Protein chains: 2
Amino acid sequence: MQESATPGGAPRRRVGRPRSGVLDRELIARASLKLVTSGGYTALTMSAVAKALGVSPSALYNHVESKQELMQWIQEIVMDGVDSSAFATHPLEQALLRWAASYRDIFVDHAPLIPLIAVLPVSGSPRTLQMYEEVAAGFTRAGWKQSQIIPSIVAIESFIFGSALDATAPLDIFDPGANAGNIPHFEGALAAQRATGNNSAEDAFITGLRAMITGLLANAELD
Amino acid sequence: MQESATPGGAPRRRVGRPRSGVLDRELIARASLKLVTSGGYTALTMSAVAKALGVSPSALYNHVESKQELMQWIQEIVMDGVDSSAFATHPLEQALLRWAASYRDIFVDHAPLIPLIAVLPVSGSPRTLQMYEEVAAGFTRAGWKQSQIIPSIVAIESFIFGSALDATAPLDIFDPGANAGNIPHFEGALAAQRATGNNSAEDAFITGLRAMITGLLANAELD
DNA sequence: ACCTGAACACCGTTCAAGT
DNA sequence: ACCTGAACACCGTTCAAGT
């Protein structure tokens, strides 16, 4: 999409440093991610990015079309942290468990990207496409019917995104407050879950992931 | 939380019309929801709500603490549309399928609420608590081990929220664009899914929901 | 008690002007 | 080609002043 994709007669820019100016996609993305890491997504403003780079906010718009595009750059970097290597080495079930756990863990720290990603065309993100390729290859090698691979991937991904959002919730999110008393079954279940001492979000993620993968494998029609 | 919950010596306000002023929680919530229905969540600004009510924006703050609280009011109303009645009449598996489908369908039209809800304490939403009670009762009647009920509910809910986000994605979201060619397994799977003629998001939702429920039932330890 | 109007402290983004 | 500074068109929210 960028330097790597300037074929033919496109105005070719020298590899490495640009000819003039201080800014760069790489520099902007890096500074942005640093801001997010230290202050969360509320700290990510065009002003803050510009300040971190010692430049005026309007200067950024010579290199990035919008804040939305900037967030796609961040997504590219974040997505690169997802570990999908297990598909090449492990049976599908275990590879899926590893991949999904890695995927979720990373997006717990980047929850504000989720509504964006869920809606963004993957064509803008080569790394995401590469990840899908590895996952799809895993399903194929396991003998899955081709037409069931995409729905299965999307289903797991939807669960991952939902779980990552859920993991950002406060621990006492289910506290019934003033409404306690009218909801015996729910309160009983809540008390029992608490008694296990498990983190609720983590517990739900593991339970749901195991269930979904078990269910997908059970319902799958193989070729 | 509101008029209905003013026990004891709390300053009781007459039912129906307030003593003075034009505004009201009911009126504000209704006008807000109307804005959302007609123009989506980008149309929901404090200015727009005020304008719809023929009042100045600052007037709203006599009745609502923040836009965030206003969105909680909307959530209350939206949540009321989720159909959890099947738990009282149907076996757990079928009740879960119905409930989840209803839940997702509703939140496809209210995706911007999802990041909010996933993080909001349920104590502020009696209707949400009531829904959880019905779902928990369904699990209990089916003989589930108490400590597994909450994780199972949260897992399904996470999947629902993720799927609702996914359903707002453009149809061509998976189009590999310029990166086509390097990703044979993914492209093959994509072509096969397309050949079915099914809506991709719908397909993934049904596949994932069936899988998760199958898996939860298979992995469950009953009492 | 509740509403108005002005003001505040932000946003992201545009654009003429400079180099 | 790239940066600056001023400006624009918004946000949500506060607050003194009125009734």
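Because the structure is a prediction, the values reported are computed rather than measured.
Put simply, H63(B) has a side-chain N or O that comes within less than 4.0 Å of OP1 or OP2 on dC3(C).
R194(B) and E187(B) are not joined by a salt bridge, as no carboxylate oxygen comes within less than 4.0 angstrom of a charged side-chain nitrogen.
Atom CG in L60(B) sits roughly 9 Å away from atom P in dC3(C) (whole-Å rounding). Between the CE atom of M71(A) and the P atom of dG12(C) there is a distance of 10 Å, given to the nearest Å. Rounded to whole Å, the distance from CG on N62(A) to P on dT4(D) is 9 Å. Protein atom CD of E69(B) is 10 Å distant from nucleotide atom P of dT13(D), rounded to whole Å. Taking atom CG of residue D24(A) and atom C1' of nucleotide dC2(D), one finds them 13 Å apart after rounding to whole Å.
The shortest side-chain heavy-atom distance between F186(A) and V135(B) does not fall under the 4.5 Å cut-off.
Using a 3.5 Å distance cut-off with no hydrogens or angles, the side chains of Y132(A) and H185(B) do not pair a donor with an acceptor. Using a 3.5 Å distance cut-off with no hydrogens or angles, the side chains of T45(B) and S47(B) do not pair a donor with an acceptor. A donor atom on one side chain and an acceptor atom on the other are not found under 3.5 Å apart for N198(A) and Q193(A).
Few gaps surround CZ on R127(A); more than 12 heavy atoms of other groups in view lie less than 6.0 Å from it.
A heavy atom closer than 4.0 Å to some atom of DNA chain D occurs in V55(A), S56(A), these being the qualifying members of residues 37-56 of chain A.
For the pair S152(A) (side chain) and Q148(A) (backbone), a donor-acceptor distance under 3.5 Å is present.
Base pairing in DNA chain D gives the following stems of 3 or more Watson-Crick or G-U pairs, range against range and under 3.5 Å: C:4-8 with D:12-16, C:12-16 with D:4-8.
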Give the intermediate values and the outcome of side chain to side chain contact (heavy atoms under 4.5 Å, CB included) for residues L33(B) and H110(B).
CA-CA 10 Å; L33(B) 195 56; H110(B) 296 274; 4.0 Å; yes

How does protein reach along nucleotides 14-19 of chain D, written 5' to 3' as B (base within reach of a heavy atom under 4.0 Å), S (only sugar-phosphate), or - (no contact)?
BB----

